[in-house]
Amino acid sequence: MRRTFLLASALLAPVVSAGPVYAADQDFQIWSANTATIDLDKRWVLWLEAQFRFSDNASRLGQTLIRPGIGYRLDPNTMVTLGYAYVPTDPVGPRFLSEHRIWEQLAFRLAGNGKGITLTGRTRLEQRFVKGAGGMGWRLRQQVRLTAPIAGKVRALVWTEPFIAFNDTSWGQRRGFDRLRTFAGIVLPLTKSINAEPGYINQWVNRSARDRIEHIANLTVAAKF
């Protein structure tokens, strides 16, 4: 267990501590996410996800995300998933964006058994399209997630996820480091098959002019059937 904790700390520390030391635009947001994984049989899994993101000091719905997928278990600790996402975004100032994504994902366990300290990873590749604009954006997301028991069935949860864009597009994606999300919260069982994950997300967005830091109150409700 000690080795697992040290490994997790080594992986998380560089990105958790990373952050701009200069002034940046800031915003408070509220995100709500609902996910469901439905076992179709011993191997195949249906993934359903809906998110609602309120921005501009949580005063308006700035983005919605609908993300279904189909997964296949390679073994009890590894799953590959193929999916689609529809992401309408209504920012202040810039034009409304209607984004469509194809995504491929590999989810895997790095250490632990899910009961003690457990470290997992998720590698996601996205192909992004914006309605009315040419060009496809390629983006890689690498999440590392650590859980640890606190009391009873309640677990501490931290994760971090850098986003790397592989190319420039006419609709605004820029090659290179795109953003970094870091979360701290808990996993709270509501029923045998439903967990709540309340917590805080810090998102640093790399922009061409002035970077942006978003402080996000986040609640994810995850169900498994």
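No experiment lies behind these values; they were computed from the predicted model shown. Residue numbers count from 1 along this sequence. Below, each value reflects all heavy atoms present in this structure, side chains not excepted, and no hydrogens, waters or symmetry copies.
- With hydrogens and angles disregarded, a donor-acceptor distance shorter than 3.5 Å links the side chain of Arg43 to the backbone of Arg73.
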- Item | Test side chain to side chain contact (heavy atoms under 4.5 Å, CB included) applied to Arg141 and Arg122, step by step | CA-CA 8 Å; Arg141 304 168 53 169; Arg122 186 188 74 189; 3.7 Å; yes
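- What you find for Ile66 and Ala50 is that their closest heavy atoms are CD1-CB, 3.9 Å.
- Cluster membership for Leu110 and Met79, using ILVMFWY side-chain heavy atoms within less than 4.5 angstrom, is not shared.
- With rounding to the nearest 0.5 angstrom, the CH2 atom of Trp204 is 13.0 Å from the CD atom of Gln26.
- In plain terms, the two heavy atoms of Leu65 and Arg53 that are nearest each other are CD1-NH2, 4.1 Å.
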- Where do Arg155 and Thr118 land on the side chain to side chain contact (heavy atoms under 4.5 Å, CB included) test, with the steps shown first? CA-CA 10 Å; Arg155 300 177 64 82; Thr118 301; 3.9 Å; yes
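- Aromatic ring pairs are classed by plane angle as parallel below 30°, tilted from 30° to 60° and perpendicular above 60°; the pair Trp159 and Phe183 is parallel.
- Residues Arg139 and Asp178 meet the side-chain proximity criterion, which asks for heavy atoms closer than 4.5 Å.
- The same ILVMFWY cluster, assembled from side-chain heavy atoms under 4.5 Å apart, contains both Leu46 and Leu74.
- Ionic pairing of Lys224 and Asp39 is not present here: no N-O contact between side-chain nitrogen and carboxylate oxygen is shorter than 4.0 angstrom.
- Side-chain atoms of Ile194 and Lys192, non-hydrogen and from C-beta on, never get closer than 4.5 Å to each other.
- Taking CD of Gln142 as the reference point, atom OG1 of Thr123 lies at 3.5 Å (rounded to 0.5 Å).
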- Just do the side chain to side chain contact (heavy atoms under 4.5 Å, CB included) check on Leu40 and Val45 with the steps written out, would you? CA-CA 5 Å; Leu40 303 178; Val45 176; over 6 Å; no
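- The backbone N or O of Phe52 lies less than 3.5 Å from no partner atom in the side chain of Thr64, so there is not a single donor-acceptor pair.
- The shortest heavy-atom contact between Leu190 and Ala196 is CD1-CB, 3.9 Å.
- Trp31 has its side chain out of reach of Leu219: every pair of non-hydrogen atoms, C-beta onward, lies at least 4.5 Å apart.
- Residues Gly69 and Trp103 come closest through the heavy atom pair CA-CZ2, 4.2 Å.
- Using a 4.0 Å cut-off between a side-chain N of Lys or Arg and a carboxylate O of Asp or Glu, Asp25 and Arg210 qualify as a salt bridge.
- Here the CZ atom belonging to Arg181 is positioned 7.0 Å from the CD1 atom belonging to Ile216, to the nearest 0.5 angstrom.
- Asn206 contributes a side-chain N or O that, together with a main-chain N or O of Phe177, makes up a donor-acceptor pair within less than 3.5 Å.
- Arg124 has no carboxylate O lying under 4.0 Å from a charged side-chain N of Glu104, or vice versa, which leaves the two without a salt bridge.
- Between Tyr200 and Asn218, the closest side-chain pair of non-hydrogen atoms is not below 4.5 Å.
- Neither Val87 nor Leu61 shares a network with the other; the hydrophobic side chains, linked directly or stepwise wherever heavy atoms of I, L, V, M, F, W or Y lie under 4.5 Å apart, form separate groups for each.
- In terms of modelled atom types and a separation under 3.5 Å, the side chain of Asp27 and the main chain of Glu214 share no donor-acceptor contact.
- There is no side-chain donor-acceptor pair under 3.5 Å between His100 and Tyr86.
- Judged purely by atom type and a 3.5 angstrom limit, Asp90 has no side-chain atom pairing as donor or acceptor with the backbone of Gly62.
- Remark: Gln203 CD to Glu161 CD distance equals 9.5 Å, nearest 0.5 Å.
- In this structure, Trp171 contributes its side chain and Gly135 its backbone to a donor-acceptor pair below 3.5 Å.
- Hydrophobic clustering of Ile, Leu, Val, Met, Phe, Trp and Tyr side chains at less than 4.5 Å, counting indirect connections, unites Leu48 with Tyr72.
- Here Leu97 contributes atom CG and Gln63 contributes atom CD; the two are 9.0 Å apart, rounded to the nearest 0.5 Å.
- In this structure, CD1 in Ile201 is found 12.0 Å from CD1 in Ile30, a value given to the nearest 0.5 Å.
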- Item | Verdict with supporting geometry, Arg60 and Ser55, side chain to side chain contact (heavy atoms under 4.5 Å, CB included) | CA-CA 6 Å; Arg60 55 191 290 276; Ser55 57; 4.0 Å; yes
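- Closest approach of Gly137 to Gln173, counting heavy atoms only: CA-NE2, 3.4 Å.
- Distance alone, capped at 3.5 Å, places no donor-acceptor pair between the Arg128 side chain and the Trp138 backbone.
- Contact of the Leu180 side chain with the Thr160 side chain is registered, since non-hydrogen atoms from C-beta on lie closer than 4.5 Å.
- Taking every heavy atom of both residues into account, Pro189 and Val187 meet most closely at CD-O, 3.7 Å.
- Proximity of a side-chain donor or acceptor of Asn167 to a complementary backbone N or O of Met136 within less than 3.5 Å is detected.
- Looking at heavy atoms from C-beta onward, Asn202 lies in side-chain contact with His215 at the 4.5 angstrom threshold.
- A distance-only check finds no donor-acceptor pair linking the side chain of Asp56 to the backbone of Ser59 [under 3.5 Å].
- Cluster membership check: Val130 does not share its hydrophobic cluster with Phe166, using side-chain heavy-atom separations under 4.5 Å among Ile, Leu, Val, Met, Phe, Trp and Tyr.
- Side-chain contact between Pro88 and Phe96: present, with at least one pair of heavy atoms (C-beta onward) separated by less than 4.5 Å.
- Remark: side-chain polar atoms of Asn195 are not paired, donor with acceptor, to backbone N or O of Ala222 under 3.5 angstrom.
- Classification of Arg207 and Asp211 as a salt-bridged pair fails, no side-chain N sitting under 4.0 Å from a carboxylate O.
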